[in-house]
> 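The structure is given below, and queries will be raised subsequently.
Note that the structure is predicted; figures quoted are calculated from it, not measured. Each residue takes its place number in the sequence, starting with 1.
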Amino acid sequence: MHRRVTTEARPDRESDDPSALLVPEAYRLPATEVAARLGVDPDTGLRTAEVSRRAESCGPNQLAEPARRPEWLKFLDQFRNWLIGILLIAAVVAGAIGDIKDAVVITVVLQINAVLGYLQERRAERSLEALRKMLVPTAKVRRDGEIRLVEARTLVPGDVVLLEAGDRIPADGRLTVAESVEVAEAALTGESQPVAKSVTAVDRAGAATAETADRTSALFMNTALTRGRAEMIVTATGMDTAVGAIAEALRTGVEPPSPLQTQMDSLGRRLALLSGVAVVVYAAVSLVRGEALSDLALRSVALAVAAIPEGLPAVLALTLALGVSRMARRGAIVKRLAAVEALGSATVVCSDKTGTLTLNEMTVRALWAGGRLHDVTGEGYRTTGTIDVRAGEGSVHTGDLRESVLPFALCNDA
C-alpha cells in the first residue's frame, strides 16, 4: 500500500541549538507533525543553506570513534600483573647490587612476554577494523525540490531520504512514504525476519516508550530495506541514533577481567606475600648473625626470584597466542589473549547470531544453469564477482547462462 504524507511548506527552522532539531518519540506522532516540527516540506526537502546551518549545529552523521589508547600504553599494559611487578622489582634490585646476569635474564623474559601480548592484541584490533565499516557511503535525498545523491555523513535532521529495496538506511527517520516496505532490523533487535513498516503512527495508548522492534513507523541507521520503496524524514543522526546509543555504551564500557586474569592476580598476590615473608625472615636472621649487607641483599633477591616462576608469564602468553592462532584459522577473531582461556572453558554458548555475528546478507555460491554447475564469487551485496563453470563441467555457454539469470533481474527491484 502506498501512502504519501504532505504538509504545508513552512520556513525552515533556524536554530543553533541541536536539541531544537530533536523530535522525541517521532514514531508516535503523525508524519505531518514531525515535518512541521523540523520545518521541512517532504515534497521539496530542505534548502541548501539550511542544511549547512544544521550541519554546523548537529555535526556529521557518523559514529564517534572509540578513544584510541597510545601504542606505548598498550605495551605497558602487558606489565600490569602482580607476578610481572615482583619480577621487575627483583631485576632492579639485582642490577643495583651488581648482579647483572640475573637482571638481564629477568628483563629479557619480561620483554618477550610483553612483545608477544602486544603484537597479538594489535593484530586482533586490525582484524576488527574491517567489522566496523558498515556505514552507508551515500544517500539519495530531496533538497531544494531536486533529488540528489550526497554523502551519508552530510545528512541532517529534517532531510528527506528516498529509499529502495536493497538500500541500507543512513540515519534514523520517520516514514512519510511506505509502499510495501519491509526492513531487516537484525543489527538492532536480533529479529531474523524483516519487519513490515508503514506511515501510521504507533498507538499513543500503548506503553510509555515502545521498544525498537515495535516502532513500525520509524527507520533506523544501519538496517536494510529488503522490500518496497520508502521516503523518510531524518529525525536523528550520528550518536543520537539508536545505533549511536549502542556505540556509546561500547565506547565507554569497562571490560571486566577474565577468569584467568583474576586467578593470575590472586596467585601473584599470594606469591608476593610468601616471598615477602621469606625475605623478611631471612634478612632478620642474617642481621642477627652479622652477615654483610651486600651479601644479605644479594641472597634476598635470589630468594625472592626463586619464589616467583618467572617463566610462567612468557609460557602463558605463548600458550594463549597459539590458541588465538588456531581460532583465527577457523574464522574466530580474539582481541584479548586472556579471553582465550575463558572461551575455551565454555561448554554452552548462547548467542543471537543474525545481525550480531553475521551481516544478515545472503550470498549465492553456486548456480545450476544449462545442465552445468557454476561457481559464483563475490561477497555480500557488492556487484564485484564472476560466474564460472566448475572444473569438469565443460565450456561456458553464454546463452544458457543469460537465459538462467534473466529471471533474477526481472523479478526484483533491488
> Please check if the side chain of N61 supplies one atom and the backbone of P170 the other of a donor-acceptor pair under 3.5 Å.
yes
> Is R142 reaching over with its side chain to a backbone N or O of L162, donor-acceptor style, under 3.5 angstrom?
no
> Side chains of E151 and Q62: does their closest heavy-atom pair fall under 4.5 Å?
no
> Locate the shortest heavy-atom distance separating R54 from G39; write the atom from each residue and the value.
NH2-O, 4.0 Å
> Is there a side-chain contact between I169 and M221 in this structure, where contact means two heavy atoms from C-beta onward sitting under 4.5 Å apart?
no
> To the nearest 0.5 angstrom, please state how far the CZ atom of R390 sits from the CG atom of D375.
4.0 Å
> What is the minimum heavy-atom distance between L46 and P157, and which atoms define it?
CD1-O, 4.0 Å
> Between A242 and L188, what is the shortest heavy-atom contact and its length?
CB-CD1, 4.2 Å
> Mind checking the OH-CG spacing from Y27 to D214? Nearest 0.5 Å is all I need.
9.0 Å
> Could you state the interatomic distance from CD (E231) to CG (D43), rounded to the nearest 0.5 Å?
8.0 Å
> Restricting to side chain to side chain donor-acceptor pair (under 3.5 Å), what partner residues turn up for E379, sequence neighbours left out?
R365
> Would a distance-only check, ignoring hydrogens and angles, find a side-chain to backbone donor-acceptor pair under 3.5 Å from S180 to G228?
no
> Is any side-chain heavy atom of L367 closer than 4.5 Å to a side-chain heavy atom of F408?
yes
> If you measure from CD on E25 to CZ on R215, what distance do you get to the nearest 0.5 Å?
7.0 Å
> Less than 4.5 Å apart, any side-chain heavy atom of R174 and any of L38?
no
> List for me each residue that meets salt bridge (charged side-chain N to carboxylate O under 4.0 Å, His left out) alongside R148, sequence neighbours excluded, and say none if there are none.
D144, E146
> Can you list the residues that meet the side chain to side chain donor-acceptor pair (under 3.5 Å) rule with D159, with sequence neighbours excluded?
R143
> Just by distance, no angles: are the side chains of T216 and S198 close enough, under 3.5 Å, to form a donor-acceptor pair?
no
> Does the K140 side chain pair with the main chain of L163, one donor and one acceptor, at a distance under 3.5 Å?
no
> First locate atom CD1 of I233, then atom OG1 of T176, and finally report the distance between them rounded to the nearest 0.5 Å.
5.5 Å
> Kindly compute the distance separating CD1 (I246) from CG (N222), expressed to the nearest 0.5 Å.
9.5 Å
> Which atom names give the shortest non-hydrogen contact between G158 and V40, and what distance separates them?
O-CG2, 3.4 Å
> Between V34 and A26, which heavy-atom pair has the shortest distance, and what is it?
CG2-O, 3.8 Å
> So which atom in T226 and which in A184 form the shortest heavy-atom distance, rounded to 0.1 Å?
CG2-CB, 3.7 Å
> L225 vs V181, test: side-chain contact (heavy atoms from CB on, under 4.5 Å). Steps then yes/no.
CA-CA 7 Å; L225 204 72; V181 171; 3.4 Å; yes
> Under a 3.5 Å distance rule, please check whether S57 uses its side chain to pair with a backbone N or O of R53 as donor and acceptor.
no
> Side chains of V234 and V161: closer than 4.5 Å at any heavy-atom pair?
yes
> Does the T241 side chain pair with the main chain of D172, one donor and one acceptor, at a distance under 3.5 Å?
no
